[in-house]
Amino acid sequence: MIVVLAGGVGAAKFLEGVVQTSPPEQVTAVVNTGDDFVLHGLNISPDIDIVTCTLANLIDRQQGWGILNDTTACMDWLAKLGGPNWFKLGDRDLALHIRRTALLREGWSLSQVTDSFRRALGVRVRIVPMSDDPAPTHILTDAGEFHFEEYFVQRRAEDTIQGIRLHAAGVAQPAPGLLELIATADVVMIAPSNPIVSVGPILALPGLHEALRATAAPVVAVSPIVGGAAIKGPAAPLMRAAGHEVSALGIAHIYADLIDALVIDQVDADLAAPITDLGLAVAVTDTIMRGTAEKANLAATVLALANTIA
Ligand code: FO1
């Protein structure tokens with residue numbers, strides 16, 4: 001089993017590469033739920049839906065989230081009625097949240113809901129939330145403490161970050177079977193996602209560090225930072241706020257005692273030596289996932305690097 005620790009948009013694209021180089025039934029995506037929140041009384045799981053809809057080829061590729069050609073009739077009326085409209089939810093997207101909320105109320109776990117949805121949408125990759133417990137990510141700023149989505153979307157990431165609070169709802173347990181999945185994996189991959197608020201919440205679960213260190217599987221990460229910048233999203237200010245250098249070397253430091261190897265972009269080839277000095281194996285390739293071929297090449301590079309370690 002190939003286990004991929006995943007956030008949202010970047011991870012979803014990477015997974016599209018992984019399923020080109022390995023049978024989808026042998027791939028399990030463990031997805032961040034730190035972005036999850038309640039809006040309009042609905043349980044919204046942004047990264048789970050991004051991964052699921054991308055792998056179902058239903059995603060709005062221009063945005064990276066939301067459903068292709070979705071309409072906004074309900075959102076328009078919600079706004080007309082005074083509802084919040086800062087988080088754009090299309091009509092088909094809302095069906096996911098309405099159904100998820102109903103099933104959770106009936107006693108289903110988030111794992112069960114997520115598995116039911118990916119099967120309904122024809123996705124052959126197993127998709128597992130990192131936890132079935134609430135584990136919201138909060139950003140502490142000079143203007144107060146906000147849920148990640150309020151900070152990032154509603155407030156346009158303009159606040160000065162003073163800190164990050166993972167699992168702000170209290171102690172979240174790894175999803176059922178997650179530690180076992182890592183222990184028995186053939187390969188563990190960390191997708192090119194935000195190391196602080198997408199991968200960070202997963203790694204902060206009790207037992208995750210130990211599981212990654214103990215597994216016989218090679219653990220290989222892909223740097224989401226290229227040429228000192230993130231491809232998309234707020235990784236740079238968040239890494240700085242967490243005291244890390246915004247570079248592929250900074251990524252290596254964050255993951256150093258949990259991974260065996262790191263794949264970095266060719267523009268960062270000069271960082272291969274200092275990263276190797278940390279005891280990590282390094283592969284250098286084009287990590288910008290412009291299209292299908294680049295996604296497949298990146299996944300193949302990760303797999304090849306893993307095979308040199310196993
Ligand atoms: N990101 C935005 O920047 N603006 C939005 O209005 C927005 C809506 C949205 C709806 C459903 C969904 O699954 C994701 C959505 N996202 C939106 C992306 C979301 O902010 C992601 O959690 C982040 O991009 C981090 O992965």
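If you read the sequence from its start, that first residue is 1, and numbering goes on from there. Read the numbers this way: they start at 1 and go in the same order the structure lists the ligands and their atoms.
- Shown in contact with D93 at under 4.0 Å from a heavy atom are these atoms of ligand 1, numbered in order with element: 10 (C), 11 (C).
- Protein heavy atom nearest atom 6 (O) of ligand 1, with residue, atom name and distance: K88 N, 2.9 Å.
- When non-hydrogen atoms are compared, ligand 1 lies under 4.0 Å from neither the backbone nor the side chain of Q63.
- In this structure, the separation between CG on D265 and OG1 on T285 is 7.5 Å, given to the nearest 0.5 Å.
- By the 30° and 60° cut-offs, the orientation of the rings of H147 relative to F37 is parallel.
- Using a distance-only test at 3.5 Å, with no hydrogens or angles considered, a donor-acceptor pair links the side chain of T141 to the main chain of G144.
- Closest to atom 17 (C) of ligand 1, if we only count protein heavy atoms, is W65 CE2, 3.4 Å.
- A salt bridge does not link R155 with E149: every distance from a Lys NZ or Arg NE/NH1/NH2 to an Asp or Glu carboxylate oxygen is 4.0 Å or more.
- Hydrophobic clustering, with ILVMFWY side chains joined whenever heavy atoms are under 4.5 angstrom apart, groups L181 together with V188.
- Screening D76, D93, D91 for a side-chain hydrogen bond (donor to acceptor under 3.5 Å, both in side chains) with T71, the sole residue that qualifies is D91.
- At the top of the distance list for atom 26 (O) of ligand 1, counting protein heavy atoms only, stands D47 OD1, 2.9 Å.
- If you check which protein heavy atom lies closest to atom 23 (C) of ligand 1, you get F152 CE2, 3.8 Å.
- The environment of R99 atom CZ is sparse: at most 12 non-hydrogen atoms of other residues, nucleotides or ligands sit within 6.0 angstrom.
- Each of the following atoms of ligand 1 lies closer than 4.0 Å to a heavy atom of P46: 13 (O), 14 (C), 22 (O).
- Nearest protein heavy-atom neighbour of atom 25 (C) of ligand 1: D35 OD2, 3.4 Å.
- Of all protein heavy atoms, the one lying nearest to atom 20 (O) of ligand 1 is E149 OE1, 2.8 Å.
- Distance from atom 15 (C) of ligand 1 to its nearest protein heavy atom, with residue and atom name: F87 CZ, 3.5 Å.
- Protein heavy atom closest to atom 3 (O) of ligand 1, with residue, atom name and distance, is V153 CG2, 3.7 Å.
- Residue pairs satisfying the ring pair (Phe, Tyr, Trp, His ring centres under 6.0 Å) criterion with at least one member in residues 205-253, sequence neighbours excluded, are absent.
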